[in-house]
Amino acid sequence: MRRDCDPGRRPLCWAVMDRAPAVKVPDPVRRAVRRRLLPWFAENARDLPWRRRRTPYRVWVAEIMLQQTRADQALPYYRRFLRRFPSMKSLAVAPLDDVLKMWEGLGYYRRARNLHRAARMVRERPGGRFPDTLEGIRALPGVGAYTAAAVASLAFNLDAAVVDGNVRRVVCRLLGRTLTARELEAASERLLVRGRAGEYNEAVMELGALVCTPAAPACDACPMRSACAAYRSGDPHTLPEKARRGKKPHRKVAAGVVFNGRGEVLIAQRNPDDMLGGLWEFPGGCIESGETAAEALTRELREELGMEVCSEGLLITVRHAYSHFSIEMEVHLASRVNRAPPRPLQCAAARWVPVDRLRGYAFSRADLQVIEALECRQAPVSGEGTTAAGSR
DNA sequence: AATTCGTGGAT
DNA sequence: TATCCAAGAAT
């Protein structure tokens with residue numbers, strides 16, 4: 001592709017260029033970044049914990065946590081995470097289950113697993129030191145182009161420009177059209193204030209988060225207004241053009257709270273590379289066509305855990321939306337029909353746990369609803385004939 | 001290159 | 001209620 005592109009000549013079509021497509025970035029825009037945006041940021045930057053004491057470790061954890069996650073959602077997680085794992089070493093030596101527990105409810109759990117793995121990789125480096133080059137940072141698991149540039153600029157003051165959702169929106173509006181990913185890289189590189197890359201990166205993202213928002217940008221409060229092509233055009237909210245997504249499929253799922261007669265319930269750990277990998281769950285699975293929830297439950301526990309169980313009735317129906325599909329989960333109380341112990345045939349592990357110890361394990365949001373239902377079902381009843389385990 | 005990864009707030 | 005989409009990465 002790149003063979004016949006002489007960089008010294010202007011190609012007829014930018015699309016054939018592999019690198020550095022020429023994006024016209026007007027001087028007034030570049031000037032406005034230095035004269036307006038950076039002062040605005042100095043004045044209006046939120047006081048966020050990861051902006052204090054910018055060690056590579058603290059910056060890196062924040063950037064992983066902030067992937068596809070708003071600052072206000074990440075905030076309480078960041079505080080707890082740094083309290084529990086204040087250093088690279090404390091994270092590296094911790095069990096993965098502890099890391100996932102700290103991540104519980106935040107989503108995209110692969111981030112937590114990669115974070116843990118990367119911490120152990122950093123410990124193996126010479127001196128156990130965090131990589132201090134763009135390529136070295138990029139090589140850590142869970143670190144892509146964005147995060148590498150963010151850590152490089154914020155923790156090491158390297159001249160690397162980030163492109164995230166904010167940058168995309170802000171730059172497309174400044175230039176008045178929807179840019180391709182490659183054009184965005186080139187444009188952000190041109191806009192970057194050399195020697196102040198971290199400040200520039202955060203300023204653009206802060207503007208996107210606080211002022212240049214997707215639906216209703218607050219142009220009246222925008223320091224870049226005079227240099228913004230989309231503002232002049234009159235309808236800045238229409239940029240960048242968005243590709244519409246398809247509808248999410250809906251699945252019906254069955255899950256079981258299986259009691260063993262000693263007040264303990266069965267939980268299973270999901271395989272590391274699956275969705276919600278490493279999290280614990282109440283075992284179950286998809287309801288096939290023509291199947292009842294109770295039948296699906298019996299089948300799934302036979303397949304996943306080699307157990308024979310029988311539904312004792314509905315506990316709760318949980319509706320939940322994941323990133324790319326939604327579920328309606330019928331959660332049944334269930335009991336064993338024999339003494340066969342659970343074997344982790346299609347999961348990572350299985351364990352009997354007292355209900356009041358469930359909170360020590362990491363679950364997804366959907367299963368946390370189940371735990372709530374279990375807890376408020378147990379507490380008030382106390383004396384009466386216990387559970388569906390029904391000793392017999 | 002298009003999918004697959006969570007969750008919650010805004011609209 | 002339904003849809004969008006956020007400091008993206010991995011495959």
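A note on names: the letters A, B, ... follow the listed sequences, proteins ahead of strands, and every chain is numbered from 1.
- Rounded to the nearest Å, the gap between the P atom of B/dT11 and that of C/dA7 is 14 Å.
- Mapping A/Leu140 and A/Glu63 onto DNA chain C via the closest heavy atom, the residue that lands nearer the 5' end is A/Glu63.
- A/Trp50 comes within contact range of at least one nucleobase, with a heavy-atom separation under 4.0 Å.
- For A/Arg299 and A/Glu295, the salt-bridge test fails: no basic side-chain N is under 4.0 Å from an acidic carboxylate O.
- Rounded to whole Å, atom C1' of C/dT11 lies 11 Å from atom CG of A/Asp273.
- Counting heavy atoms from C-beta outward, A/Val331 and A/Gln369 have side chains that stay 4.5 Å or more apart.
- Using a 4.0 Å heavy-atom criterion, one finds that A/Gly208 contacts no nucleic acid atom at all.
- Using a 4.0 Å heavy-atom criterion, one finds that A/Ala145 contacts the sugar-phosphate atoms exclusively.
- Going from atom NE2 of A/His237 over to atom C1' of C/dC4 covers 14 Å, rounded to whole Å.
- Note on A/Glu308 versus A/Arg339: no salt bridge recorded, every NZ/NE/NH1/NH2 to OD/OE distance being 4.0 Å or above.
- The A/Asn114 side chain lies nearest to C/dA10 when the options are C/dA10, C/dA7, C/dC5.
- Atom CG in A/Leu184 sits roughly 15 Å away from atom P in C/dA7 (whole-Å rounding).
- For the pair A/Arg110 and C/dA10, the criterion of a side-chain N or O lying under 4.0 Å from OP1 or OP2 is not met.
- C/dA6 atom C1' lies 15 Å from atom CE of A/Met65, rounded to whole Å.
- Not a single donor-acceptor contact under 3.5 angstrom links the side-chain atoms of A/Thr69 to the base of C/dG8.
- Using a cut-off of 4.0 Å between Lys/Arg side-chain N and Asp/Glu carboxylate O, A/Glu206 and A/Arg46 are scored as salt-bridged.
- Closest contact between the side chain of A/Asp164 and the listed nucleotides C/dG8, B/dG6, B/dG8 involves C/dG8.
- You'll find a donor-acceptor pair under 3.5 Å spanning the side chain of A/Tyr108 and the base of B/dG6, going by distance alone.
- Salt bridge A/Arg138/A/Glu135: absent, no basic N to carboxylate O contact under 4.0 Å.
- Nearest-nucleotide positions on DNA chain B for A/Ala215 and A/Asp274 put A/Asp274 closer to the 5' end.
- For the residue pair A/Ile316 and A/Ala373, the shortest heavy atom distance occurs at CD1-CB, 3.9 Å.
- Side-chain proximity of A/Arg169 to the nucleotides B/dC5, C/dA7, B/dG8 is greatest for C/dA7.
- Taking atom P on both nucleotides, C/dC4 is separated from B/dT3 by 15 Å, rounded to a whole Å.
- When the side chains of ILVMFWY residues are joined at heavy-atom separations under 4.5 Å, either directly or via intervening members, A/Tyr231 and A/Val167 end up in two distinct hydrophobic clusters.
- Rounded to whole Å, the distance from CE on A/Met275 to C1' on C/dT11 is 17 Å.
- Within the nucleic acid shown, A/Val143 comes within 4.0 Å of sugar-phosphate atoms alone, with no base atom in reach, counting heavy atoms only.
- The same atom, P, is picked in B/dG6 and in C/dT11; the two are 14 Å apart, to the nearest Å.
- In this structure, A/Arg365 places its CZ atom 9 Å from C1' of B/dG8, rounding to the nearest Å.
- With C/dT3, B/dG6, C/dA7 as the candidates, the nucleotide lying closest to the side chain of A/Lys247 is C/dT3.
- Among the heavy atoms of the strands, none lies under 4.0 Å from A/Arg117.
- Residue A/His320 places at least one side-chain N or O under 4.0 Å from the OP1 or OP2 atom of B/dT7.
- At whole-Å resolution of the value, CZ in A/Phe363 and C1' in B/dT7 are 18 Å apart.
- Note on A/Gln68: a side-chain N or O is less than 4.0 Å away from OP1 or OP2 of C/dG8.
- Checked against side-chain hydrogen bond (donor to acceptor under 3.5 Å, both in side chains), A/Arg35 has no partners two or more places apart in sequence or in another chain.
- Across all strands shown, A/Thr147 has heavy atoms under 4.0 Å from sugar-phosphate atoms exclusively, and none from any base.
- Comparing C/dA9, B/dT7, C/dC5 by their closest approach to the side chain of A/Tyr146 singles out C/dA9.
- Looking at heavy-atom distances under 4.0 Å, A/Leu48 makes contact with a base.
- Set against C/dA10, C/dA9, B/dT4, the side chain of A/His324 has B/dT4 as its closest nucleotide.
- Listed nucleotides C/dG8, C/dA10, C/dA7 differ in distance to A/Glu202; the shortest reach to its side chain belongs to C/dA7.
- Within the 6.0 Å centre-distance limit, the rings of A/Phe325 and A/Tyr322 are counted as a close aromatic pair.
- A/Ala209 comes within 4.0 angstrom of the backbone, heavy atoms only, and of no base.
- Of all nucleotides listed (B/dC5, C/dA7, C/dA9), C/dA9 comes nearest to the side chain of A/Gln67.
- With contacts defined as side-chain heavy-atom distances shorter than 4.5 Å, the pair A/Leu207/A/Cys222 qualifies.
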| task | Treat a base pair as Watson-Crick or G-U wobble with both distances under 3.5 Å, then lay out DNA chain C in dot-bracket form, 5' to 3', with | for cross-strand pairs. | result | .|||||.||||
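- C/dA6 and B/dA1 have their P atoms separated by 22 Å, with the value rounded to a whole Å.
- Atom CZ in A/Arg319 sits about 11 Å away from atom P in C/dA2, given to the nearest Å.
- Across all strands, A/Ile64 comes closer than 4.0 Å to no nucleic acid atom at all (heavy-atom distances).
- Distance from the side chain of A/Lys242 is smallest to C/dC5 among C/dC5, B/dC5, C/dT3.
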